[in-house]
Amino acid sequence: MVETELLLSGGLADEKLGFQLVNVKAQKENNPKVNCFDSFDRHRELGSPKHLGRNWNDVASLFSRNHECLFFQLSHLTQHFLVAALKHLSTIMELGLPLFPGIKFPTPRNTVLARSSPNNLPQFSSNASSSTSISVKPPTITVPGKPEADVVVIGSGIGGLCCAGLLARYNQDVLVLESHDLPGGAGHSFEIKGYKFDSGPSLFSGFQSRGPQANPLAQVLDALGESIPCAKYDSWMVYIPEAEFLSRIGPTEFLKDLEKYASQNAVQEWKKLLEAILPLSAAAMALPPLSIRGDLGVISTAAARYAPSLLKSFVEMGPQGAFGAPKLLRPFSEIMDSLELRDPFIRNWVDLLAFLLAGVKSNGILSAEMVYMFAEWYKPGCTLEYPLNGSGAIIDALVRGIQKFGGRISLGSHVEKIIVENGKATGVKLKGGQFIRAKMAVVSNASMWDTLNLLPKDQLPKSYIDRVKTTPQCESFMHLHLGFDAEDVREDLGIHHIVVNEWERGVDADQNVVLISVPSVLSPNLAPPGKHVLHAYTPGTEPFELWEGLDRRSAEYKKLKAERSEVMWKAVERALGSGFNRDKCEVKLVGTPLTHQRFLRRNRGTYGPAIQAGQGTFPGHSTPIPQLYCCGDSTFPGIGVPAVAASGAIVANSLVSVSQHSQLLDAIGI
């Protein structure tokens, strides 16, 4: 049995300083001990994992609470479109300049199609049985080729990879620097004893969607010519104080649950809510995420290009919907209050959905996000999707796309400083002292707090520093990864389970909500024959203060870890049934906020910014330093896989000409 502390892929980057290009296949052959989670106590024995780091965006920074937010990846996407459509230009004007000053757009080349890859370019494996299908070369001291690129991207989370992939597609020379041995941030998979675990996101939707209303990650993959085979399903198990039931998505199924487990009044209020908000979905989904850019070119690529569809959506909404459209930019609770929805079950359920989507309750989430989610979850024929080879398949596809178009990814390349010369970001300095020049721009996929720590403070205005330091943070996580025999658990086991212990405490209270994913139910190749893999976690509700200052080798730390993980064990036992025995698990991995802080290089182990609708907005992608930009869940449109994918796309689009951007939109048919 393996029973260890969860250490997010990767020991300290100090040990490996040079560049390593991503190579495929030989992960096990060349470095079988590299995986995402490992024990501090057995760190030397098992090898130093080195995964993501500051590049937290990584899908929402490591286990996107949203996982993305776990249960509803579907869409932070909304926020970007609507807010982008309705507020983007005002943001630009507030700054007094385009958001990307000082950039000389390169002369458009003859095509935005792929460049031929060098013969020696590392390739990705199509072997579905590999956990990450990536092999790691021994670290080198210098970058292959010139130690420079048009754009240097710090961090290989989903936002950073989407940004780099589109830049490569735009025929830019792009180099991604990742501190650890595996790309992908929280999106990568890792393997222990034949069990292939997701390190973060586990509930997805929209990979197969195409067209203007597609998930932004799907649009990026489409632009890169990549696809992800998925299993489809339409339900998840719910364990709440009132009952335990299988909740199905779709227009009518949830009404049956309400009739059985709530009240007739709850049924009527739910119908009233759907009737009011579904007409708004046309506006919330009117702009493709890939059409947005961070300068006045958005007038051409978004406003003018999609004016007919925007106008049509307002016509379809009718007078009531059109007049209600401004509510999309307000907290969702205001819509519920205006409808006089008071049923406790409905209010609690909506709070739960909002929390799973964005890490805040209904009084803190943008209405546009909720409207988009409702439109996706309660329309006829809707389904959820799970990548057949785990969340690492998403990362594999993005890296394949980057390499296909001539981009580079360098692992074991810990960025120590962002170099500012003559007031502009001109490159980065690695831990070993090597300077990598960025001829056009540096893009940070790290969090706002970690990006701040990479910058010379004397080059930043005090207002910027103060704003970053005073931005509220979400709490951290507890994690439990298990590998066990499938024989003794319930036969009707589903992939996703959510446990709410008490409504009275609130869904954002610590130790109150546990999310569980058993992906081997849909993708048996993730576990040895007759086995299951499981990931349980408390979604961004674990207080860092409880752990601050503890020595991970101390008895106090081990005792606290056992105490704080018990709520996850009990939730797992409830979900798997009486036949499950924790003592028989072949793999047990427990992670704490200190795991996040050290191995993800996340400030205080946080999940990300706790920015509530109506009280603040996520920062844009530019910074006070020309030629330095940011993407990920510290930036607009916010937290979640769709959101960080959109943020990476916005930055990439903004770094090329409007002509190139429009050519790409034409090429993918949106």
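A donor-acceptor pair under 3.5 Å is formed between the side chain of Lys404 and the backbone N or O of Leu224. Looking at Gln219, its side chain does come within 3.5 Å of a backbone N or O of Leu290 through a donor-acceptor pair. Checked by atom type and distance alone, the side chain of Thr470 pairs as donor or acceptor with a backbone atom of Asp466 at under 3.5 Å. A donor-acceptor pair under 3.5 Å is absent between the side-chain atoms of Ser391 and the main chain of Pro387, judged by distance alone. His661 places no side-chain N or O within donor-acceptor distance of the main-chain N or O of Leu655, the cut-off being under 3.5 Å. Counting only distance, with no hydrogens or angles, the side chain of Thr451 and the backbone of Trp449 share no donor-acceptor pair below 3.5 Å. A donor-acceptor distance shorter than 3.5 angstrom exists from the side chain of Gln627 to the backbone of Ala425, with no hydrogens or angles considered.
Judged as a salt bridge (Lys or Arg N to Asp or Glu O under 4.0 Å), and not counting sequence neighbours, Lys457 has no contacts.
Distance CG/Leu221 to CD1/Ile394: 8.0 Å, rounded to 0.5 Å. A distance of 7.5 Å separates CD1 in Ile395 from OG in Ser156, rounded to the nearest 0.5 Å. Note: Tyr464 OH to Met448 CE = 8.0 Å, rounded to the nearest 0.5 Å. The structure places NZ of Lys561 at 10.0 Å from CG of Leu594, a figure rounded to the nearest 0.5 Å. Going from atom NE2 of His621 over to atom OG of Ser647 covers 5.0 Å, rounded to the nearest 0.5 Å. Between atom OG1 of residue Thr538 and atom CG of residue Leu480 there is a gap of 10.5 Å, rounded to the nearest 0.5 Å.
Donor-acceptor pairing under 3.5 Å is lacking for the side chains of Asn603 and Thr606. For the residue pair Trp547 and Gln597, no side-chain donor N or O sits within less than 3.5 Å of a side-chain acceptor on the partner.
Between Pro543 and Pro593, the shortest heavy-atom contact is O-CG, 4.5 Å. Here the closest heavy-atom approach between residue Ser654 and residue Asp295 is recorded as O-OD2, 4.0 Å. Nearest approach of Met478 to Met568, heavy atoms of both residues: O-SD, 3.5 Å. When every heavy atom of Pro637 is checked against every heavy atom of Phe618, the shortest pair comes out as O-CD1, 4.0 Å.
You'll find the side chain of Leu664 reaches within 4.5 Å of the side chain of Tyr170, heavy atoms only. Under the 4.5 Å side-chain criterion, counting only non-hydrogen atoms from C-beta, Val174 is not in contact with Val443. Put simply, the side chain of His596 does not reach to within 4.5 Å of the side chain of Tyr607, judged on heavy atoms. Side-chain contact between Leu203 and Ser517: absent, with no pair of heavy atoms (C-beta onward) separated by less than 4.5 Å. Within the 4.5 Å cutoff, side-chain heavy atoms of Leu628 are placed close to those of Leu455. With a 4.5 Å cut-off on side-chain heavy atoms, Arg408 and Asp173 count as touching.
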Take Tyr557 and Thr592 through the test side-chain hydrogen bond (donor to acceptor under 3.5 Å, both in side chains) and record every step on the way to the result.
-> CA-CA 10 Å; Tyr557 175 73; Thr592 75; 2.8 Å; yes
List the steps, then state whether ring-ring contact (aromatic ring centres under 6.0 Å, His included) holds for Phe197 with His535.
-> CA-CA 7 Å; Phe197 295 98; His535 177 206; 8.5 Å; no
Trace of the ring-ring contact (aromatic ring centres under 6.0 Å, His included) decision for His481 with Phe190 = CA-CA 11 Å; His481 282 77; Phe190 63 96; 5.4 Å; yes
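A salt bridge links Glu545 with Arg604; the closest basic N to acidic carboxylate O contact falls under 4.0 Å.
Of the residues listed (Val644, Ile611, Asp633), the one engaging Ile639 in a side chain to side chain contact (heavy atoms under 4.5 Å, CB included) is Asp633, and it is the only one.
Annotation for Lys439: atom NZ counts as buried by contact number, over 12 foreign heavy atoms lying within 6.0 Å. The neighbour count for Asp458 CG, taken as heavy atoms of other residues, nucleotides or ligands under 6.0 Å away, is above 12.
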